[in-house]
Trainee: 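Quick one: the structure is below, and I'll ask about it shortly.
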Amino acid sequence: MVVPTKKAMNQSLVSWTLVVGSFVISCVAELERFEHGGKPDGSLSFLVVGDWGRRGHYNQSQVAFQMGKIGEQLDIDFIISTGDNFYDNGLTGVDDPLFHQSFTDIYTAPSLQKQWYNVLGNHDYRGNAEAQLSPILTKMDSRWLCLRSFVLNAGPEIAEFFFVDTTPFVTKYFTDPEDHVYDWKTILPREKYLNNLLMEVESALGESRAKWKIVVGHHAIKSAGHHGNTKELNIHLLPLIQTYDVDLFINGHDHCLQHISSSDSGTQFMTSGGGSKAWRGDVSWWNPQELKFYHDGQGFMSVEMTPTEVSIKFYDVFGNVLHNWSSSKQLSFAI
């Protein structure tokens with residue numbers, strides 16, 4: 001069960017400046033926070049899938065079936081979606097049948113009847129973005145929780161997840177939207193929105209005392225796939241990830257599965273964007289010292305965690321394990 005923390009109550013995404021005498025005090029609102037308990041043995045497990053909502057087509061149903069099997073084996077605690085939840089143009093409103101056709105009616109396995117934590121992708125912004133954020137959808141399917149940006153404390157304190165709304169960072173969606181119409185109603189003015197968001201993310205990362213720090217967003221910071229690196233995130237978000245020793249950055253957007261190990265920090269960059277339609281053969285050369293794994297087909301990933309260990313596996317549409325990675329760290333004790 002997902003529980004909003006007391007800090008999250010009645011918070012709005014704003015920042016402001018208060019002038020008192022000769023002192024300037026900057027006040028930054030906090031991201032909404034949630035908590036999700038782990039297992040009695042102190043472990044945590046979950047699945048990650050992205051770029052999926054196609055009414056079961058393009059092997060979405062087959063990926064969902066395998067997710068159900070792996071979810072049961074791992075006794076997962078929740079599922080993370082990395083965005084592009086509904087194709088091609090998001091939802092038209094809270095009554096759009098696509099919500100049921102691409103979510104409720106697809107992810108039917110008993111093991112997937114857990115909380116879903118969702119972020120928006122660029123395709124979601126091409127529809128009514130507010131619809132996906134509406135509590136009406138949660139009333140229709142209690143698994144659904146979607147916000148633009150938020151923090152999830154899981155375990156508790158085994159891991160802290162920082163979900164970041166990455167779509168508004170990408171300049172071309174504003175300057176060259178092509179034939180698409182984006183729902184920017186609550187984003188404009190863009191500069192103010194992004195400045196506030198970055199301050200909120202930095203504040204949350206700086207306060208975190210979790211054993212593992214994980215940032216989740218739709219767009220990739222590092223990717224050998226079709227879209228490649230998102231330059232705006234490399235400029236604005238990557239420095240925070242490096243400064244605050246983030247362990248994992250998890251994204252979708254590129255319709256593939258991949259693992260890139262950064263040569264300039266300890267952060268691992270994981271793409272799970274194979275929830276339905278994939279782009280066969282669409283891969284760019286990448287430094288083999290960093291690109292640990294790339295799969296140009298459908299699939300998803302699993303994560304198992306304890307306070308000292310993390311284990312990640314990538315699965316294809318048949319449920320085969322294509323790649324696994326693990327890491328460990330020592331517990332730190334206050335003296």
Side-chain angles (χ1 to χ4, degrees), residues 48-61 63-64 79-107 116-141 143-149 163-188 190 193-194 197 216-220 223 225-228 230 232-233 251-256 271-280 282 298 300:
V48 184
V49 66
D51 304 83
W52 42 267
R54 298 183 185 270
R55 295 185 173 90
H57 302 310
Y58 294 99
N59 285 339
Q60 183 193 0
S61 293
V63 172
I79 301 99
I80 287 175
S81 168
T82 57
D84 276 3
N85 306 317
F86 302 100
Y87 284 95
D88 276 328
N89 298 307
L91 297 179
T92 58
V94 295
D95 56 350
D96 191 332
L98 189 59
F99 178 72
H100 296 284
Q101 295 166 353
S102 292
F103 178 64
T104 303
D105 298 341
I106 301 298
Y107 301 101
W116 283 61
Y117 296 101
N118 308 274
V119 291
L120 298 174
N122 53 298
H123 282 268
D124 300 311
Y125 267 101
R126 294 177 187 174
N128 183 339
E130 292 289 330
Q132 293 195 45
L133 312 179
S134 173
I136 294 175
L137 294 189
T138 305
K139 289 181 180 179
M140 291 192 290
D141 192 320
R143 296 177 292 172
W144 184 263
L145 190 150
C146 184
L147 291 85
R148 296 186 194 275
S149 301
F163 292 79
V164 180
D165 184 19
T166 61
T167 300
F169 282 92
V170 182
T171 300
K172 70 178 181 179
Y173 299 146
F174 294 84
T175 60
D176 186 22
E178 300 176 339
D179 296 328
H180 307 301
V181 178
Y182 290 87
D183 181 9
W184 301 131
K185 285 193 296 291
T186 60
I187 302 302
L188 302 176
R190 177 184 175 223
Y193 177 83
L194 294 179
L197 176 55
V216 180
H218 179 63
H219 295 77
S223 175
H226 174 79
H227 294 295
T230 306
E232 295 90 346
L233 296 185
N251 62 273
H253 196 45
D254 273 330
H255 295 189
C256 63
T271 297
S272 184
S276 59
K277 187 177 182 179
W279 299 325
R280 183 69 66 183
D282 198 348
Q298 294 100 345
F300 59 99

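All values below come from the heavy atoms of this structure, side chains included, with hydrogens, waters and symmetry mates left out.
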Trainee: Could you grab the distance from atom NE2 of His123 to atom NE2 of His180, nearest 0.5 Å is fine?
Mentor: 7.0 Å

Trainee: Under the side chain to side chain donor-acceptor pair (under 3.5 Å) rule, what do Asn251 and Thr82 come out as? Steps first, then yes or no, please.
Mentor: CA-CA 6 Å; Asn251 62 273; Thr82 57; over 6 Å; no

Trainee: Is the His219 to Tyr173 ring centre distance short of 6.0 Å?
Mentor: yes

Trainee: Can you tell me if Trp116 and Ser81 form a side-chain donor-acceptor pair at under 3.5 Å?
Mentor: no

Trainee: NZ of Lys139: more than 12 outside heavy atoms within 6.0 angstrom?
Mentor: no

Trainee: Identify the heavy atoms of Thr92 and Asp96 that sit nearest to each other, and give their distance.
Mentor: N-OD2, 2.9 Å

Trainee: With rounding to the nearest 0.5 angstrom, report the CG to CZ distance, Leu137 to Phe103.
Mentor: 9.5 Å

Trainee: Please round to the nearest 0.5 Å and tell me the distance separating atom CG of Leu197 and atom CZ of Arg148.
Mentor: 11.0 Å

Trainee: Can you tell me how far apart CG (Leu91) and CZ (Phe99) are? Round to the nearest 0.5 Å.
Mentor: 8.0 Å

Trainee: Short question: side chain of Asn85, backbone of Val119 - any donor-acceptor pair under 3.5 Å?
Mentor: yes

Trainee: Hey, is CG on Leu188 packed in by over 12 heavy atoms from elsewhere, all under 6.0 Å?
Mentor: yes

Trainee: Please confirm whether Arg143 makes a cation-pi placement over Tyr107, using NZ or CZ under 6.0 Å from the six-membered ring centre and within 45° of the ring normal.
Mentor: no

Trainee: Taking all atoms of both residues into account, what is the closest heavy-atom pair of His57 and Ser276, and its distance?
Mentor: O-CB, 3.8 Å

Trainee: Please name the pair of heavy atoms, one in Leu233 and one in Ala220, separated by the smallest distance, quoted to 0.1 Å.
Mentor: CD1-O, 4.0 Å

Trainee: Considering all heavy atoms of both residues, which atom of Asp165 and which atom of Ser149 are nearest to each other, and what is their separation?
Mentor: N-OG, 3.0 Å

Trainee: Is there a donor-acceptor contact under 3.5 Å linking the side chains of Asn118 and Gln132?
Mentor: no

Trainee: Between the side chains of Asp51 and Tyr87, is a donor N or O closer than 3.5 angstrom to an acceptor N or O?
Mentor: yes

Trainee: Counting C-beta onward and ignoring hydrogens, is there a side-chain heavy-atom pair between Val63 and Phe300 closer than 4.5 Å?
Mentor: yes

Trainee: Write down the atom of Thr167, the atom of Asn122, and the distance for their closest heavy-atom approach.
Mentor: OG1-N, 3.3 Å

Trainee: Given side chains that start at C-beta, do those of Asn128 and Asp183 come closer than 4.5 Å, heavy atoms only?
Mentor: yes

Trainee: Could you please spell out the steps behind the side-chain contact (heavy atoms from CB on, under 4.5 Å) verdict for Thr171 and Arg190?
Mentor: CA-CA 10 Å; Thr171 300; Arg190 177 184 175 223; 3.2 Å; yes

Trainee: Would you mind reporting whether Leu120 and His218 have side-chain heavy atoms less than 4.5 Å apart?
Mentor: no

Trainee: Could you give the distance from CD (Glu232) to CZ (Phe169), rounded to the nearest 0.5 Å?
Mentor: 9.5 Å

Trainee: When you measure from the side chain of Thr271 to the backbone N and O of Gly273, does any donor-acceptor pair fall under 3.5 Å?
Mentor: no

Trainee: Can you give me the closest heavy-atom contact between His255 and His253, atom names plus distance?
Mentor: CD2-O, 3.1 Å

Trainee: For Phe86 and Trp144, take the angle between the two ring planes, folded into 0 to 90°, and tell me which bin it lands in: parallel under 30, tilted 30 to 60, perpendicular over 60.
Mentor: tilted

Trainee: Go through the structure and list residues passing salt bridge (Lys or Arg N to Asp or Glu O under 4.0 Å) with Asp88, not counting sequence neighbours.
Mentor: Arg54

Trainee: Is there a donor in the side chain of Thr104 and an acceptor in the side chain of Asp141, or the other way round, less than 3.5 Å apart?
Mentor: yes

Trainee: List in chain and number order the residues that pass ring-ring contact (aromatic ring centres under 6.0 Å, His included) with Tyr125, two or more places apart in sequence or in another chain; answer none if no residue qualifies.
Mentor: Trp184

Trainee: Before you tell me yes or no, could you show the steps for Asp84 and Asp124 under side-chain contact (heavy atoms from CB on, under 4.5 Å), namely the whole-Å CA-CA distance, both residues' side-chain angles and the distance that decides it to 0.1 Å?
Mentor: CA-CA 6 Å; Asp84 276 3; Asp124 300 311; 4.2 Å; yes

Trainee: Are any non-hydrogen side-chain atoms of Trp52 and Ile106 less than 4.5 angstrom apart?
Mentor: no

Trainee: Dump the intermediate steps for side-chain contact (heavy atoms from CB on, under 4.5 Å) on Val216 and Ile80, then the final yes or no.
Mentor: CA-CA 9 Å; Val216 180; Ile80 287 175; 4.0 Å; yes

